[in-house]
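Keep in mind it's a predicted model, so treat the numbers as computed, not measured. Whatever order the structure lists them in is the order used to number ligands and atoms, beginning at 1.
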Amino acid sequence: MRKARVELNSRVPLTLYSERCSRENKNGSARKGEREAQRERAITTTTTTTVFSSAFLIRPRGCGGGGGGGASSSSKSRSEKTTGGHSGRRKQRRPRAKSGGAEERYSELDDAKMAAKSLSRGAFILFEGVDRCGKTTQASKLVDSLNQSGITSELWRYPDRTTTIGKMIDDYLQCRADSDDASMHLLFAANRWEKKKLMEEKLKAGVTLVVDRYGYSGVAFTTAKRLPGLDQQWCKHSETGLVKPDCLMYMEISEEAAKKRGGFGEERYETTEMQKNVREVFADLREDWWNVVDADRTIEEVEKDVQKIAKEAVERCKKGTELQHFKPGW
Ligand code: NYM
Ligand code: MG
C-alpha cells in the first residue's frame, strides 16, 4: 500500500510518513496501528491521485506530527496549493476528532472531502470562431448572466490590447505598423503568456473566466496565411504550457449568415479569402470535446444553448478539478 502511494506521487516525501508510521506502530499501542489502518481505508476511498495525495498532506496531526515536521519545501508548496494557500482563498480547517473509532474514521473522510473541495475553482470558458460569428456578444451576455446568478465571472479577450504587447498587436491589426508574420504570431502568444499567472490565480480563486478568443485563434489565423514554415505544428508550439480551457464554444456561422451581419471592418485579416482559410483551419483543429454552437440563429436562441453549456462547465469546476495545460503538440 505504501509503495503504491510513492508511485502515485513521487514528488511527495512519503518515506518520512511511512518511517514515522512504522516507528510509532512498533513503540505505540496496537490501537494506534488499527487507527492507521482505518485512516488508510478512509483515504483510499478517494479515486483521483491528486485528491489522494492532498488528503494525505493536509492532515494536521497523526503520523505527520503536526503536518510539517521534516517535510521538504516541495511538499510544503504542494500542500499550500491544494489547501488554497494562495491569495484570495480561505485556508480550510479540518474539525478535530476527540478520540479514535468511528469519529476518527469520519474525520479522515472529511480530509478526503476537503481535499476535493480544495480543487474547486472557477471555469475557463472560451469562445472561438471566425470574425462576425457573434462570440463577443455571447461572451458578454454570458458574463452578465453568470454574475447575476451569483457566479463570479470576468470577461477577458485576446488580443488584450491594453498591455504593451497588446498595443503593438493593435498597431499591426489596425495597419499602423507592419511586421514579420512569425514575430507577430509570437507576439499574440506572448500576449497570452503575460497573463498566464493572473489567469491561474483567478481560476484557483474561484473566478470563472469567459474568454473571447485564445490560442486556437492564434493557430487558425497564422496558419490561414499559408506561409512556408508557419504550419499548424509550428504555430501550436508557442501555446504549449498555457492554460487549457475547460469548455470551448465554437461559434459556427455560415458564410451567408456572416455576410448578412454587415461588411468587414478595416482591420487586417478581415477579408473574405482570409476568413475562408481561417474557417478551414478551425475545422481541422476541432476536437470531440468542443461544443459546436450553431451561430446562424438569433442571439436569444444561441444564448440559451451557451448558458446551458457554460453552467455545466461551471458546476464541474466547482466540484473540483485540476487546471489543464496545453501539452506538447497538444
Ligand atoms: N488574432 C487573434 C490573431 O491573429 N491571433 C491571435 O492569437 C488572436 C487572439 O486578431 N481578426 C486575430 C483575429 C482577429 C483579430 O480579434 C482581432 P477580435 O476578436 O476581432 O478583436
Ligand atoms: Mg474581429
Side-chain angles (χ1 to χ4, degrees), residues 124-143 154-196 198-199 209-227 230-245 248-253 255 257-285 293 295 326 330:
F124 174 2
I125 300 170
L126 173 64
F127 283 85
E128 286 283 13
V130 296
D131 285 295
R132 299 280 182 279
C133 65
K135 58 184 173 39
T136 308
T137 307
Q138 290 298 336
S140 55
K141 276 183 164 292
L142 178 61
V143 170
E154 287 181 14
L155 177 63
W156 283 32
R157 69 181 303 182
Y158 288 104
D160 175 353
R161 305 188 196 214
T162 63
T163 69
T164 306
I165 293 172
K167 286 187 178 100
M168 290 161 80
I169 294 173
D170 188 45
D171 282 343
Y172 175 77
L173 287 171
Q174 307 253 357
C175 303
R176 285 192 296 265
D178 208 356
S179 186
D180 171 74
D181 293 286
S183 71
M184 277 321 298
H185 176 83
L186 297 173
L187 272 190
F188 274 107
N191 190 224
R192 286 181 277 281
W193 278 100
E194 66 180 334
K195 293 189 75 186
K196 180 192 173 188
L198 182 64
M199 181 177 253
L209 301 179
V210 176
V211 183
D212 181 356
R213 289 199 193 282
Y214 197 60
Y216 298 91
S217 277
V219 175
F221 279 79
T222 305
T223 314
K225 292 178 175 177
R226 308 242 190 274
L227 293 169
L230 306 190
D231 57 17
Q232 231 185 81
Q233 270 326 101
W234 184 87
C235 290
K236 279 180 169 178
H237 204 70
S238 43
E239 308 297 322
T240 303
L242 286 172
V243 185
K244 198 175 171 184
L248 192 159
M249 313 235 199
Y250 180 69
M251 308 293 279
E252 191 168 57
I253 190 167
E255 272 184 66
K259 265 184 205 149
K260 275 189 212 149
R261 293 191 180 172
F264 291 124
E266 299 292 302
E267 286 209 334
R268 203 183 284 266
Y269 304 153
E270 295 191 343
T271 65
T272 312
E273 172 70 9
M274 184 68 178
Q275 298 295 318
K276 188 173 156 282
N277 290 351
V278 168
R279 190 186 294 271
E280 278 173 22
V281 186
F282 269 131
D284 204 29
L285 287 174
V293 178
F326 286 108
W330 298 12

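- Applying the 4.0 Å criterion to heavy atoms of R192 picks out, from ligand 1, the atoms 6 (C), 7 (O), 9 (C).
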- Task: Any chance you could lay out the ring pair (Phe, Tyr, Trp, His ring centres under 6.0 Å) test for F221 and F188, step after step, and finish with the verdict?
- Result: CA-CA 10 Å; F221 279 79; F188 274 107; 8.2 Å; no

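- Legend: residues meeting side-chain contact (heavy atoms from CB on, under 4.5 Å) with D171, ordered by chain and number and at least two apart, are R176, A177.
- Applying the side chain to side chain donor-acceptor pair (under 3.5 Å) test between N191 and each of T164, T163, D160 identifies T163 as the sole match.
- For the residues Y216, Y214, F188, the heavy atom positioned nearest atom 1 (N) of ligand 1 is part of F188.
- Here D131 has side-chain heavy atoms under 4.0 Å from ligand 1, and that is the only part of it that gets that close.
- The protein atom (non-hydrogen) at minimum distance from atom 17 (C) of ligand 1 is R161 NH2, 3.4 Å.
- Under the side-chain contact (heavy atoms from CB on, under 4.5 Å) criterion, L248 pairs with L126, E128, Y216, Y250, W289, W290, not counting sequence neighbours.
- Under the side-chain contact (heavy atoms from CB on, under 4.5 Å) criterion, Q233 pairs with D231, K236, not counting sequence neighbours.
- Ion pairing between D131 and R279 fails under the 4.0 Å rule for side-chain N and carboxylate O.
- Heavy atoms of Y158 found under 4.0 angstrom from ligand 1 belong to the backbone as well as the side chain.
- Put simply, part of R157 is less than 4.0 Å from ligand 1, judged by heavy atoms.
- When heavy-atom distances to ligand 1 are checked against a 4.0 Å cut-off, L173 comes that close only through its side chain, counted from C-beta outward.
- Looking only at protein heavy atoms, the nearest one to atom 19 (O) of ligand 1 is R213 NE, 2.8 Å.
- Closest approach of N277 and A224 over heavy atoms only: ND2-O, 3.1 Å.
- Under 2.8 Å from the Mg ion (ligand 2), one finds the following protein N/O/S atoms: D131 OD1.
- Residues W330 and V219 approach most closely at CH2-CG2, 3.8 Å, considering heavy atoms.
- In this structure, M184 does not count as a contact residue of ligand 1, since none of its heavy atoms falls inside 4.0 Å of the ligand.
- Taking every non-hydrogen atom of F221 and a distance limit under 4.0 Å, the qualifying atoms of ligand 1 come out as 3 (C), 4 (O), 11 (N), 13 (C).
- Across all non-hydrogen atoms, the minimal contact from A257 to I253 is CB-CG1, 3.7 Å.
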- Message: Could you go through E154 and V210, starting from their C-alpha distance and side-chain angles, then the distance that decides it, and tell me whether this counts as side chain to side chain contact (heavy atoms under 4.5 Å, CB included)?
- Response: CA-CA 6 Å; E154 287 181 14; V210 176; over 6 Å; no

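- In this structure, H185 has no heavy atom closer than 4.0 Å to ligand 1.
- Within the 4.0 Å heavy-atom criterion, neither part of A189 lies near ligand 1.
- Classification of K276 and E255 as a salt-bridged pair fails, no side-chain N sitting under 4.0 Å from a carboxylate O.
- Within the 4.0 Å heavy-atom criterion, the part of K135 lying near ligand 1 is the side chain and not the backbone.
- Between A190 and I165 the shortest heavy-atom distance is CB-CD1, 3.9 Å.
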